[in-house]
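Data first, discussion second: the structure below is written as structure tokens.
Residues: numbered from 1 along the sequence shown. Just so you know, these numbers come straight off a predicted model, no measurement behind them.
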Amino acid sequence: MRWKFVEEQDLNWILSNAKAMFKESEWRDELEYDTEKIKKYFFSALYNPNIFAIMALDSKDKPIGFLTGVLMDYNFSNAQYGREMDLYVVPSQRGGMTAVQLMKKFIDWCKGKGAKEVYFEPSRGVKKDFDGMAKRLDMENISTVYRKKL
């Protein structure tokens with residue numbers, strides 16, 4: 001897998017696949033998908049140095065997944081931690097290492113920024129699959145969240 005930071009020309013692919021991600025989510029029947037909100041989030045990710053947004057690419061540079069995350073301050077300290085916001089791999093590419101490699105890139109970025117730990121919170125529908133990925137990255141399961149101390 002190759003990867004790149006998200007760029008403005010990736011907006012349409014992100015919009016299409018964010019909608020596909022939403023349709024797979026547990027919220028699909030309870031919430032309304034908001035394209036304009038996704039656009040605002042996309043552009044904030046491009047220009048906010050505390051937001052991480054990358055895309056996975058196949059060998060022909062076709063996008064196959066994305067991950068976004070954010071650095072946040074602890075409520076009680078100026079120290080920071082990383083929190084995954086979105087992780088999606090297109091269905092035809094699942095079962096390989098794409099998600100793990102995206103997660104590793106985010107963990108490395110957080111570590112480089114001085115974060116103390118990283119959190120991933122998979123939706124209930126993928127938790128079983130997520131267990132194996134988290135194990136490969138030496139993450140611990142704490143309730144519905146996975147954590148890696150850096």
Side-chain angles (χ1 to χ4, degrees), residues 1-74 79-134 136-139 144-148 150:
M1 175 205 88
R2 295 172 9 94
W3 68 276
K4 69 171 190 161
F5 286 104
V6 173
E7 301 171 316
E8 283 190 34
Q9 63 262 26
D10 301 321
L11 176 62
N12 289 332
W13 189 88
I14 293 288
L15 287 174
S16 172
N17 285 277
K19 193 166 196 171
M21 180 181 180
F22 177 76
K23 286 179 180 179
E24 291 181 18
S25 80
E26 60 192 86
W27 306 285
R28 68 184 170 272
D29 297 326
E30 299 173 32
L31 303 173
E32 185 177 330
Y33 180 81
D34 187 337
T35 300
E36 291 306 311
K37 184 161 189 168
I38 299 298
K39 286 180 185 178
K40 287 178 187 175
Y41 179 49
F42 175 84
F43 284 107
S44 69
L46 288 180
Y47 302 111
N48 183 333
N50 286 331
I51 297 179
F52 178 84
I54 63 170
M55 294 175 64
L57 307 169
D58 68 11
S59 60
K60 297 178 182 174
D61 287 337
K62 179 181 174 189
I64 57 172
F66 64 89
L67 183 145
T68 61
V70 64
L71 280 177
M72 301 176 77
D73 289 345
Y74 290 97
Q80 293 186 310
Y81 65 94
R83 183 162 195 96
E84 167 260 340
M85 302 298 287
D86 300 292
L87 173 58
Y88 182 76
V89 176
V90 298
S92 66
Q93 298 295 316
R94 294 178 188 166
M97 292 293 292
T98 301
V100 171
Q101 290 175 349
L102 287 169
M103 293 165 64
K104 183 162 180 11
K105 294 292 181 197
F106 180 55
I107 291 167
D108 290 345
W109 180 80
C110 289
K111 191 181 230 181
K113 295 282 191 173
K116 300 297 180 194
E117 55 192 352
V118 178
Y119 291 94
F120 288 82
E121 188 172 5
S123 64
R124 288 182 290 213
V126 299
K127 186 181 179 317
K128 186 177 130 191
D129 297 327
F130 199 88
D131 286 340
M133 293 187 295
R136 288 181 181 192
L137 296 169
D138 296 322
M139 301 183 86
T144 60
V145 176
Y146 292 80
R147 174 177 67 184
K148 180 172 181 74
L150 304 178

Look up atom CZ in R83 and atom CE in M72, then write down how far apart they are to the nearest 0.5 Å.
7.0 Å
Within this structure, what is the CE-CD distance for the pair M103 and E84, rounded to the nearest 0.5 Å?
7.5 Å
Which atoms form the tightest heavy-atom contact between L71 and C110, and what is the distance?
CD2-SG, 4.2 Å
D29: partners by salt bridge (Lys or Arg N to Asp or Glu O under 4.0 Å), with sequence neighbours left out
none
A quick test of your reading: do over 12 heavy atoms of other residues, nucleotides or ligands sit less than 6.0 Å from NZ of K4?
yes
If you compare all heavy atoms of A115 against all heavy atoms of Y81, which two are closest, and at what distance to 0.1 Å?
CB-CA, 4.0 Å
Give every residue pair that meets the side chain to side chain donor-acceptor pair (under 3.5 Å) criterion with at least one member in residues 103-118, sequence neighbours excluded.
Y74-E117, K104-D108, E117-Y119
Do V6 and W13 make a side-chain contact, defined as non-hydrogen atoms from C-beta onward lying under 4.5 Å apart?
no
Apply side chain to side chain contact (heavy atoms under 4.5 Å, CB included) to R94 and list each qualifying residue two or more places apart in sequence or on a separate chain.
E24, Y88, V89, P91
Per-pair distances, 0.1 Å, donor-acceptor, side chain in residues 42-55, under 3.5 Å, sequence neighbours excluded:
unit_1 : atom_1 : unit_2 : atom_2 : d
S44    : OG     : K40    : O      : 3.4
S44    : OG     : Y41    : O      : 2.8
Y47    : OH     : E8     : OE2    : 2.4
N48    : OD1    : N50    : N      : 2.8

Would you say that more than 12 heavy atoms from the other residues, nucleotides or ligands in this model lie under 6.0 Å from the CD of E32, or not?
no
I want to check something: taking the side chain as every heavy atom from C-beta on, are D34 and I38 in contact at a cut-off of under 4.5 Å?
no
Check: P63 and D10 side chains under 4.5 Å, non-hydrogen atoms:
no
Residues in salt bridge (Lys or Arg N to Asp or Glu O under 4.0 Å) with D86, at least two apart?
none
For T98 and A56 the tightest heavy-atom approach is CG2-CB, 3.6 Å
Go through the structure and list residues passing salt bridge (Lys or Arg N to Asp or Glu O under 4.0 Å) with K39, not counting sequence neighbours.
E36
